[in-house]
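Basis for what follows: all heavy atoms, side chains included, without hydrogens, waters or symmetry-related copies. So you know, we letter chains A, B, ... as the sequences are listed, proteins then strands, and number each from 1.
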2 protein chains.
Amino acid sequence: MEYEDEDWLCVDMEEFSLATENGSNRRQRMGRKRNYDDENREYKSKNLETERRRREKLSSRLLMLRSLVPIITNMNKATIIEDAITYIKKLQDKVQSLSQELHQMEATSEEIVETKVDEIDAAEDMKKWGIEPEVKVEQIDENKLWIKIIIEKKRGRFRKLIEALNNFGIEFIDTNLTTTKGTFLITSCIQGKDGDRLAVHQTKNLLQDIINDI
Amino acid sequence: MEYEDEDWLCVDMEEFSLATENGSNRRQRMGRKRNYDDENREYKSKNLETERRRREKLSSRLLMLRSLVPIITNMNKATIIEDAITYIKKLQDKVQSLSQELHQMEATSEEIVETKVDEIDAAEDMKKWGIEPEVKVEQIDENKLWIKIIIEKKRGRFRKLIEALNNFGIEFIDTNLTTTKGTFLITSCIQGKDGDRLAVHQTKNLLQDIINDI
DNA sequence: CCTCACACGTGATGC
DNA sequence: TGCATCACGTGTGAG
(Lines give C-alpha, C1' and ligand atoms only; values in the text may rest on other atoms or scores of the structure.)
Protein backbone atom coordinates (compact mmCIF):
# COMPACT_ATOMS: atom_id res chain seq x y z
CA MET A 1 0.00 0.00 0.00
CA GLU A 2 2.67 2.43 0.92
CA TYR A 3 4.73 1.69 -2.10
CA GLU A 4 1.61 2.05 -4.12
CA ASP A 5 1.33 5.49 -2.66
CA GLU A 6 4.93 6.11 -3.44
CA ASP A 7 4.35 5.03 -6.98
CA TRP A 8 1.47 7.37 -7.11
CA LEU A 9 3.53 10.21 -5.87
CA CYS A 10 6.25 9.42 -8.33
CA VAL A 11 3.82 9.29 -11.17
CA ASP A 12 2.39 12.52 -10.00
CA MET A 13 5.71 14.23 -9.78
CA GLU A 14 6.62 12.99 -13.16
CA GLU A 15 3.36 14.23 -14.51
CA PHE A 16 3.91 17.46 -12.73
CA SER A 17 7.33 18.10 -14.10
CA LEU A 18 5.96 17.29 -17.47
CA ALA A 19 3.21 19.75 -16.90
CA THR A 20 5.52 22.49 -15.82
CA GLU A 21 7.69 21.83 -18.80
CA ASN A 22 4.81 21.84 -21.18
CA GLY A 23 3.12 24.75 -19.58
CA SER A 24 -0.56 25.25 -20.06
CA ASN A 25 -1.23 22.57 -22.60
CA ARG A 26 -0.40 19.71 -20.32
CA ARG A 27 -4.06 18.91 -19.92
CA GLN A 28 -4.47 18.49 -23.61
CA ARG A 29 -1.49 16.30 -23.62
CA MET A 30 -2.90 14.22 -20.88
CA GLY A 31 -6.27 14.19 -22.51
CA ARG A 32 -4.98 13.24 -25.88
CA LYS A 33 -2.64 10.72 -24.52
CA ARG A 34 -5.45 8.20 -24.44
CA ASN A 35 -8.82 7.47 -22.88
CA TYR A 36 -11.43 9.32 -24.88
CA ASP A 37 -11.64 9.76 -28.62
CA ASP A 38 -10.78 13.19 -29.93
CA GLU A 39 -13.75 13.54 -32.18
CA ASN A 40 -16.42 12.67 -29.60
CA ARG A 41 -18.10 15.96 -28.83
CA GLU A 42 -20.44 14.56 -26.20
CA TYR A 43 -19.26 14.36 -22.62
CA LYS A 44 -17.04 11.46 -21.72
CA SER A 45 -15.74 10.04 -18.39
CA LYS A 46 -17.15 6.59 -17.89
CA ASN A 47 -16.68 6.33 -14.16
CA LEU A 48 -18.34 9.57 -13.23
CA GLU A 49 -21.30 7.96 -11.54
CA THR A 50 -19.14 5.32 -9.95
CA GLU A 51 -16.84 7.86 -8.48
CA ARG A 52 -19.77 9.83 -7.27
CA ARG A 53 -21.08 6.79 -5.38
CA ARG A 54 -17.68 6.17 -3.93
CA ARG A 55 -17.47 9.68 -2.56
CA GLU A 56 -20.99 9.50 -1.28
CA LYS A 57 -20.28 6.22 0.48
CA LEU A 58 -17.12 7.54 2.02
CA SER A 59 -18.85 10.67 3.24
CA SER A 60 -21.68 8.69 4.77
CA ARG A 61 -19.21 6.44 6.57
CA LEU A 62 -17.49 9.50 7.82
CA LEU A 63 -20.73 10.87 9.15
CA MET A 64 -21.51 7.57 10.83
CA LEU A 65 -18.13 7.61 12.42
CA ARG A 66 -18.71 11.12 13.60
CA SER A 67 -22.03 10.20 15.13
CA LEU A 68 -20.29 7.57 17.23
CA VAL A 69 -17.64 9.85 18.67
CA PRO A 70 -18.91 11.85 21.63
CA ILE A 71 -16.44 14.71 21.67
CA ILE A 72 -16.04 16.67 18.49
CA THR A 73 -13.67 19.56 18.14
CA ASN A 74 -14.50 20.37 14.56
CA MET A 75 -16.57 19.31 11.61
CA ASN A 76 -13.46 18.85 9.49
CA LYS A 77 -13.02 15.60 7.71
CA ALA A 78 -9.52 15.33 9.13
CA THR A 79 -10.50 16.28 12.64
CA ILE A 80 -13.36 13.83 12.57
CA ILE A 81 -10.86 11.06 12.04
CA GLU A 82 -8.53 12.62 14.57
CA ASP A 83 -11.22 12.71 17.21
CA ALA A 84 -12.14 9.16 16.35
CA ILE A 85 -8.53 8.17 16.89
CA THR A 86 -8.27 9.80 20.28
CA TYR A 87 -11.64 8.35 21.21
CA ILE A 88 -10.55 4.86 20.25
CA LYS A 89 -7.41 5.26 22.30
CA LYS A 90 -9.47 6.43 25.22
CA LEU A 91 -11.80 3.50 24.87
CA GLN A 92 -8.92 1.06 24.69
CA ASP A 93 -7.41 2.55 27.82
CA LYS A 94 -10.72 2.34 29.58
CA VAL A 95 -11.22 -1.27 28.63
CA GLN A 96 -7.78 -2.12 29.85
CA SER A 97 -8.12 -0.31 33.16
CA LEU A 98 -11.56 -1.74 33.72
CA SER A 99 -10.55 -5.31 33.10
CA GLN A 100 -7.48 -4.81 35.23
CA GLU A 101 -9.58 -3.36 38.01
CA LEU A 102 -11.97 -6.23 37.71
CA HIS A 103 -9.23 -8.82 37.98
CA GLN A 104 -7.78 -6.99 40.93
CA MET A 105 -11.22 -6.89 42.45
CA GLU A 106 -11.63 -10.60 41.98
CA ALA A 107 -8.30 -11.15 43.62
CA THR A 108 -9.01 -8.98 46.64
CA SER A 109 -12.50 -10.35 46.93
CA GLU A 110 -11.00 -13.75 47.32
CA GLU A 111 -8.29 -12.45 49.55
CA ILE A 112 -10.89 -11.37 52.02
CA VAL A 113 -11.90 -14.85 52.87
CA GLU A 114 -8.55 -16.43 52.30
CA THR A 115 -5.95 -13.98 53.38
CA LYS A 116 -3.55 -15.31 50.80
CA VAL A 117 -3.02 -18.76 52.13
CA ASP A 118 -1.85 -21.30 49.67
CA GLU A 119 -4.72 -23.69 49.28
CA ILE A 120 -2.51 -26.66 48.58
CA ASP A 121 -1.29 -26.35 52.12
CA ALA A 122 -4.81 -26.20 53.44
CA ALA A 123 -5.59 -29.91 53.29
CA GLU A 124 -2.19 -30.76 54.78
CA ASP A 125 -2.73 -28.24 57.51
CA MET A 126 -6.07 -29.75 58.36
CA LYS A 127 -4.55 -33.22 58.54
CA LYS A 128 -1.64 -32.03 60.59
CA TRP A 129 -3.90 -30.42 63.14
CA GLY A 130 -6.39 -33.24 63.07
CA ILE A 131 -9.29 -31.03 62.18
CA GLU A 132 -12.37 -32.70 60.72
CA PRO A 133 -15.00 -31.08 58.54
CA GLU A 134 -18.20 -30.41 60.37
CA VAL A 135 -21.68 -29.04 59.79
CA LYS A 136 -23.95 -28.28 62.71
CA VAL A 137 -27.38 -26.68 62.70
CA GLU A 138 -29.45 -25.70 65.71
CA GLN A 139 -32.66 -23.84 66.26
CA ILE A 140 -32.51 -20.44 67.94
CA ASP A 141 -36.09 -19.29 67.69
CA GLU A 142 -38.96 -19.96 65.32
CA ASN A 143 -37.36 -17.94 62.54
CA LYS A 144 -33.64 -18.25 63.13
CA LEU A 145 -31.15 -21.06 63.01
CA TRP A 146 -27.61 -21.14 64.28
CA ILE A 147 -25.03 -22.88 62.13
CA LYS A 148 -21.46 -23.92 62.56
CA ILE A 149 -19.38 -25.06 59.63
CA ILE A 150 -15.81 -26.28 59.53
CA ILE A 151 -14.52 -26.86 56.04
CA GLU A 152 -11.28 -26.98 54.19
CA LYS A 153 -10.11 -23.59 53.07
CA LYS A 154 -10.56 -23.11 49.34
CA ARG A 155 -10.45 -20.16 47.07
CA GLY A 156 -13.72 -18.22 47.20
CA ARG A 157 -15.50 -20.98 49.06
CA PHE A 158 -17.06 -18.69 51.62
CA ARG A 159 -18.35 -16.37 48.95
CA LYS A 160 -19.84 -19.29 47.04
CA LEU A 161 -21.52 -20.55 50.18
CA ILE A 162 -23.13 -17.18 50.81
CA GLU A 163 -24.26 -16.92 47.23
CA ALA A 164 -25.67 -20.42 47.16
CA LEU A 165 -27.70 -19.87 50.31
CA ASN A 166 -28.83 -16.55 48.97
CA ASN A 167 -30.22 -18.40 46.00
CA PHE A 168 -32.24 -20.52 48.39
CA GLY A 169 -33.62 -17.42 50.08
CA ILE A 170 -31.46 -17.71 53.17
CA GLU A 171 -29.53 -14.78 54.59
CA PHE A 172 -26.70 -14.57 57.09
CA ILE A 173 -26.89 -12.58 60.30
CA ASP A 174 -24.14 -11.95 62.82
CA THR A 175 -21.69 -13.93 60.81
CA ASN A 176 -18.36 -15.03 62.20
CA LEU A 177 -15.64 -16.30 59.91
CA THR A 178 -12.30 -17.52 61.14
CA THR A 179 -9.55 -18.68 58.87
CA THR A 180 -6.81 -20.69 60.47
CA LYS A 181 -4.92 -23.94 60.14
CA GLY A 182 -6.13 -24.63 56.64
CA THR A 183 -9.80 -24.30 57.51
CA PHE A 184 -12.75 -22.02 57.51
CA LEU A 185 -14.66 -21.90 60.74
CA ILE A 186 -17.99 -20.28 60.09
CA THR A 187 -20.57 -19.58 62.73
CA SER A 188 -23.62 -17.54 61.95
CA CYS A 189 -27.30 -17.09 62.43
CA ILE A 190 -29.41 -17.59 59.36
CA GLN A 191 -33.00 -16.87 58.54
CA GLY A 192 -35.34 -16.97 55.57
CA LYS A 193 -35.46 -13.76 53.59
CA ASP A 194 -39.22 -13.50 53.60
CA GLY A 195 -39.64 -14.67 57.14
CA ASP A 196 -39.89 -18.27 55.96
CA ARG A 197 -39.36 -20.86 58.63
CA LEU A 198 -36.32 -23.03 58.16
CA ALA A 199 -36.38 -26.70 59.15
CA VAL A 200 -33.23 -27.82 60.95
CA HIS A 201 -32.44 -31.10 59.25
CA GLN A 202 -33.44 -29.87 55.80
CA THR A 203 -31.17 -26.90 56.21
CA LYS A 204 -28.36 -29.16 57.32
CA ASN A 205 -28.80 -31.36 54.26
CA LEU A 206 -28.87 -28.29 52.05
CA LEU A 207 -25.68 -27.01 53.62
CA GLN A 208 -23.92 -30.31 53.11
CA ASP A 209 -25.02 -30.49 49.49
CA ILE A 210 -23.76 -27.01 48.87
CA ILE A 211 -20.45 -27.67 50.58
CA ASN A 212 -19.92 -30.78 48.51
CA ASP A 213 -20.45 -28.70 45.38
CA ILE A 214 -18.07 -25.86 46.16
CA MET B 1 -25.20 21.21 0.35
CA GLU B 2 -27.08 19.15 -2.12
CA TYR B 3 -27.95 22.13 -4.17
CA GLU B 4 -24.34 23.00 -4.03
CA ASP B 5 -23.79 19.70 -5.63
CA GLU B 6 -26.39 20.53 -8.18
CA ASP B 7 -24.72 23.83 -8.86
CA TRP B 8 -21.55 22.02 -9.33
CA LEU B 9 -23.09 19.72 -11.77
CA CYS B 10 -24.60 22.58 -13.68
CA VAL B 11 -21.37 24.42 -13.85
CA ASP B 12 -19.65 21.30 -14.82
CA MET B 13 -22.10 20.50 -17.56
CA GLU B 14 -21.81 23.99 -18.85
CA GLU B 15 -18.12 23.73 -18.85
CA PHE B 16 -18.40 20.40 -20.42
CA SER B 17 -20.52 21.48 -23.31
CA LEU B 18 -18.11 24.28 -23.83
CA ALA B 19 -15.33 21.83 -23.84
CA THR B 20 -17.01 19.62 -26.33
CA GLU B 21 -17.60 22.59 -28.54
CA ASN B 22 -14.04 23.65 -28.38
CA GLY B 23 -12.67 20.20 -28.51
CA SER B 24 -9.22 19.80 -27.17
CA ASN B 25 -8.57 23.29 -25.91
CA ARG B 26 -11.38 23.31 -23.38
CA ARG B 27 -9.00 23.51 -20.53
CA GLN B 28 -7.51 26.69 -21.79
CA ARG B 29 -10.97 28.10 -22.17
CA MET B 30 -11.81 27.32 -18.63
CA GLY B 31 -8.59 28.79 -17.58
CA ARG B 32 -9.26 31.91 -19.51
CA LYS B 33 -12.82 32.16 -18.37
CA ARG B 34 -11.70 33.73 -15.12
CA ASN B 35 -9.45 33.09 -12.19
CA TYR B 36 -5.97 33.43 -13.62
CA ASP B 37 -4.60 35.99 -15.99
CA ASP B 38 -4.75 35.18 -19.66
CA GLU B 39 -1.15 35.86 -20.45
CA ASN B 40 0.29 33.78 -17.67
CA ARG B 41 1.59 30.68 -19.36
CA GLU B 42 2.93 29.19 -16.18
CA TYR B 43 0.72 26.89 -14.09
CA LYS B 44 -1.94 28.52 -12.00
CA SER B 45 -4.12 27.39 -9.04
CA LYS B 46 -3.12 29.15 -5.89
CA ASN B 47 -4.35 26.58 -3.42
CA LEU B 48 -2.63 23.66 -5.03
CA GLU B 49 -0.09 23.19 -2.27
CA THR B 50 -2.70 23.76 0.40
CA GLU B 51 -4.98 21.18 -1.02
CA ARG B 52 -2.11 18.79 -1.32
CA ARG B 53 -1.35 19.19 2.38
CA ARG B 54 -4.95 18.70 3.24
CA ARG B 55 -5.09 15.45 1.33
CA GLU B 56 -1.82 14.32 2.82
CA LYS B 57 -3.03 15.10 6.30
CA LEU B 58 -6.27 13.28 5.77
CA SER B 59 -4.50 10.25 4.38
CA SER B 60 -2.12 10.15 7.28
CA ARG B 61 -4.97 10.38 9.78
CA LEU B 62 -6.64 7.59 7.93
CA LEU B 63 -3.53 5.47 8.21
CA MET B 64 -3.26 6.25 11.90
CA LEU B 65 -6.86 5.24 12.35
CA ARG B 66 -6.19 2.06 10.47
CA SER B 67 -3.22 1.24 12.64
CA LEU B 68 -5.44 1.43 15.71
CA VAL B 69 -8.09 -0.94 14.46
CA PRO B 70 -7.14 -4.57 14.99
CA ILE B 71 -9.38 -6.27 12.46
CA ILE B 72 -9.13 -5.06 8.90
CA THR B 73 -11.21 -6.46 6.11
CA ASN B 74 -9.82 -4.30 3.36
CA MET B 75 -7.38 -1.55 2.63
CA ASN B 76 -10.14 0.61 1.18
CA LYS B 77 -10.57 4.09 2.48
CA ALA B 78 -14.24 3.42 3.05
CA THR B 79 -13.75 0.06 4.68
CA ILE B 80 -11.10 1.49 6.95
CA ILE B 81 -13.69 3.83 8.37
CA GLU B 82 -16.26 1.06 8.38
CA ASP B 83 -13.99 -1.21 10.38
CA ALA B 84 -13.23 1.64 12.72
CA ILE B 85 -16.95 2.13 13.27
CA THR B 86 -17.58 -1.50 14.12
CA TYR B 87 -14.52 -1.51 16.32
CA ILE B 88 -15.70 1.53 18.22
CA LYS B 89 -19.07 -0.08 18.73
CA LYS B 90 -17.40 -3.21 19.98
CA LEU B 91 -15.24 -1.21 22.37
CA GLN B 92 -18.23 0.68 23.68
CA ASP B 93 -20.07 -2.56 24.29
CA LYS B 94 -17.09 -4.00 26.05
CA VAL B 95 -16.71 -0.98 28.29
CA GLN B 96 -20.34 -1.14 29.21
CA SER B 97 -20.37 -4.85 29.98
CA LEU B 98 -17.13 -4.58 31.92
CA SER B 99 -18.28 -1.73 34.11
CA GLN B 100 -21.57 -3.48 34.66
CA GLU B 101 -19.80 -6.66 35.65
CA LEU B 102 -17.57 -4.68 37.95
CA HIS B 103 -20.47 -3.04 39.71
CA GLN B 104 -22.17 -6.37 40.08
CA MET B 105 -18.97 -7.77 41.48
CA GLU B 106 -18.70 -4.95 43.96
CA ALA B 107 -22.22 -5.63 45.08
CA THR B 108 -21.67 -9.32 45.72
CA SER B 109 -18.31 -8.63 47.25
CA GLU B 110 -19.95 -6.37 49.74
CA GLU B 111 -22.66 -8.82 50.48
CA ILE B 112 -20.02 -11.18 51.75
CA VAL B 113 -18.92 -9.06 54.62
CA GLU B 114 -22.25 -7.51 55.36
CA THR B 115 -24.80 -10.17 54.89
CA LYS B 116 -27.31 -7.58 53.86
CA VAL B 117 -27.68 -5.67 57.06
CA ASP B 118 -29.11 -2.23 56.80
CA GLU B 119 -26.30 0.14 57.56
CA ILE B 120 -28.54 2.91 58.84
CA ASP B 121 -29.34 0.72 61.81
CA ALA B 122 -25.67 0.11 62.47
CA ALA B 123 -24.89 3.32 64.34
CA GLU B 124 -28.08 3.08 66.37
CA ASP B 125 -27.29 -0.50 67.22
CA MET B 126 -23.84 0.46 68.44
CA LYS B 127 -25.25 3.17 70.64
CA LYS B 128 -27.95 0.94 71.97
CA TRP B 129 -25.46 -1.71 72.97
CA GLY B 130 -22.92 0.79 74.22
CA ILE B 131 -20.17 -0.47 71.98
CA GLU B 132 -17.20 1.82 71.41
CA PRO B 133 -14.85 1.78 68.46
CA GLU B 134 -11.47 0.30 69.26
CA VAL B 135 -8.12 -0.34 67.66
CA LYS B 136 -5.56 -2.52 69.39
CA VAL B 137 -2.19 -3.69 68.12
CA GLU B 138 0.17 -6.09 69.82
CA GLN B 139 3.38 -7.80 68.89
CA ILE B 140 3.33 -11.58 68.40
CA ASP B 141 6.83 -12.23 67.16
CA GLU B 142 9.42 -10.22 65.30
CA ASN B 143 7.46 -10.44 62.04
CA LYS B 144 3.86 -10.67 63.10
CA LEU B 145 1.45 -8.36 64.84
CA TRP B 146 -1.94 -9.15 66.28
CA ILE B 147 -4.71 -6.61 65.77
CA LYS B 148 -8.18 -6.12 67.08
CA ILE B 149 -10.55 -3.63 65.55
CA ILE B 150 -14.06 -2.71 66.51
CA ILE B 151 -15.73 -0.33 64.08
CA GLU B 152 -19.14 0.64 62.96
CA LYS B 153 -20.50 -1.62 60.27
CA LYS B 154 -20.46 0.07 56.91
CA ARG B 155 -20.88 -1.13 53.38
CA GLY B 156 -17.63 -2.59 52.05
CA ARG B 157 -15.63 -1.28 54.96
CA PHE B 158 -13.85 -4.55 55.63
CA ARG B 159 -12.90 -4.92 52.00
CA LYS B 160 -11.57 -1.38 51.90
CA LEU B 161 -9.53 -2.02 55.01
CA ILE B 162 -7.94 -5.09 53.49
CA GLU B 163 -7.22 -3.25 50.28
CA ALA B 164 -5.73 -0.25 52.04
CA LEU B 165 -3.40 -2.40 54.11
CA ASN B 166 -2.50 -4.33 51.02
CA ASN B 167 -1.39 -1.08 49.47
CA PHE B 168 0.92 -0.61 52.43
CA GLY B 169 2.39 -4.07 51.95
CA ILE B 170 0.57 -5.66 54.85
CA GLU B 171 -1.26 -8.96 54.60
CA PHE B 172 -3.80 -10.65 56.84
CA ILE B 173 -3.33 -14.08 58.36
CA ASP B 174 -5.81 -16.13 60.36
CA THR B 175 -8.40 -13.46 60.07
CA ASN B 176 -11.51 -13.45 62.17
CA LEU B 177 -14.44 -11.24 61.30
CA THR B 178 -17.58 -11.03 63.37
CA THR B 179 -20.55 -8.91 62.42
CA THR B 180 -23.03 -8.22 65.15
CA LYS B 181 -24.89 -5.41 66.84
CA GLY B 182 -24.03 -2.88 64.16
CA THR B 183 -20.30 -3.47 64.34
CA PHE B 184 -17.44 -5.27 62.76
CA LEU B 185 -15.18 -7.07 65.19
CA ILE B 186 -11.99 -7.92 63.39
CA THR B 187 -9.15 -9.87 64.90
CA SER B 188 -6.26 -11.00 62.80
CA CYS B 189 -2.57 -11.50 62.56
CA ILE B 190 -0.77 -9.28 60.09
CA GLN B 191 2.68 -9.25 58.62
CA GLY B 192 4.67 -7.41 56.01
CA LYS B 193 4.51 -8.95 52.55
CA ASP B 194 8.24 -9.00 52.01
CA GLY B 195 9.08 -10.01 55.53
CA ASP B 196 9.26 -6.36 56.56
CA ARG B 197 9.07 -5.75 60.25
CA LEU B 198 6.07 -3.80 61.43
CA ALA B 199 6.32 -1.32 64.27
CA VAL B 200 3.45 -1.53 66.68
CA HIS B 201 2.56 2.08 67.22
CA GLN B 202 3.12 3.02 63.58
CA THR B 203 0.83 0.24 62.50
CA LYS B 204 -1.77 1.39 64.97
CA ASN B 205 -1.62 4.92 63.65
CA LEU B 206 -1.86 3.62 60.12
CA LEU B 207 -4.90 1.56 61.02
CA GLN B 208 -6.61 4.51 62.64
CA ASP B 209 -5.91 6.72 59.66
CA ILE B 210 -7.33 4.13 57.32
CA ILE B 211 -10.40 3.60 59.45
CA ASN B 212 -11.08 7.31 59.51
CA ASP B 213 -10.93 7.36 55.76
CA ILE B 214 -13.25 4.48 55.03
C1' DC C 1 -9.46 39.84 -0.04
C1' DC C 2 -7.94 35.72 1.60
C1' DT C 3 -7.70 31.27 3.80
C1' DC C 4 -9.80 26.89 4.52
C1' DA C 5 -12.41 22.97 3.53
C1' DC C 6 -15.10 20.73 0.34
C1' DA C 7 -17.06 18.14 -3.82
C1' DC C 8 -16.23 17.54 -8.25
C1' DG C 9 -14.53 15.26 -12.64
C1' DT C 10 -10.69 12.94 -14.45
C1' DG C 11 -6.61 9.81 -15.75
C1' DA C 12 -4.06 6.06 -13.90
C1' DT C 13 -3.71 1.64 -11.82
C1' DG C 14 -4.48 -3.06 -9.74
C1' DC C 15 -7.22 -7.06 -10.07
C1' DT D 1 -11.44 -6.38 -20.74
C1' DG D 2 -14.13 -3.97 -17.21
C1' DC D 3 -14.53 -2.60 -12.44
C1' DA D 4 -13.24 -0.30 -8.28
C1' DT D 5 -10.16 2.73 -6.03
C1' DC D 6 -7.06 6.33 -5.84
C1' DA D 7 -4.59 11.07 -5.98
C1' DC D 8 -4.85 14.93 -8.38
C1' DG D 9 -6.00 19.90 -9.69
C1' DT D 10 -9.61 23.04 -9.58
C1' DG D 11 -13.87 26.13 -8.78
C1' DT D 12 -16.55 27.68 -5.15
C1' DG D 13 -18.71 29.07 -0.80
C1' DA D 14 -18.17 30.13 4.21
C1' DG D 15 -15.85 32.63 7.81
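- When distances run from any side-chain atom of A:Arg55 to the nucleotides D:dA7, C:dC4, C:dC8, the shortest one goes to C:dC8.
- Residues A:Ile147 and A:Phe172 have side chains in contact (heavy-atom distance under 4.5 Å, counting atoms from C-beta outward).
- Residues that satisfy the salt bridge (charged side-chain N to carboxylate O under 4.0 Å, His left out) test with B:Glu134, not counting sequence neighbours, are B:Lys148.
- For the segment residues 70-88 of chain A, residues with any heavy atom less than 4.0 angstrom from an atom of DNA chain C are, sorted by number, A:Met75, A:Asn76, A:Lys77.
- Remark: B:Arg52 does not engage B:Glu56 in a salt bridge, criterion side-chain N to carboxylate O under 4.0 Å.
- Taking only side-chain atoms of B:Leu48, from C-beta outward, the nucleotide of D:dA7, C:dA7, D:dG9 with the closest atom is D:dG9.
- Comparing A:Asn47 and B:Glu56 against DNA chain D, the residue whose closest nucleotide sits nearer the 5' end is A:Asn47.
- To the nearest angstrom, C1' of D:dT5 lies 17 Å from CD of A:Glu49.
- OP1 and OP2 of D:dA7 both lie 4.0 Å or more from every side-chain N or O belonging to B:Arg52.
- Counting distance only, with no hydrogens placed and no angle test, the side-chain atoms of B:Glu51 and the base atoms of C:dC4 include no donor-acceptor pair under 3.5 Å.
- Between B:Leu58 atom CG and C:dC4 atom P the separation is 16 Å, expressed in whole Å.
- Going from atom CZ of A:Arg53 over to atom P of D:dC6 covers 17 Å, rounded to whole Å.
- With hydrogens and angles disregarded, a donor-acceptor distance shorter than 3.5 Å links the side chain of A:Asp83 to the backbone of A:Thr73.
- Legend: residues meeting salt bridge (charged side-chain N to carboxylate O under 4.0 Å, His left out) with B:Arg53, ordered by chain and number and at least two apart, are absent.
- Of the side-chain N and O atoms in B:Arg54, none sit less than 4.0 angstrom from OP1 or OP2 of C:dC4.
- Minimum heavy-atom separation, B:Asn74 to B:Arg66: O-NH1, 4.4 Å.
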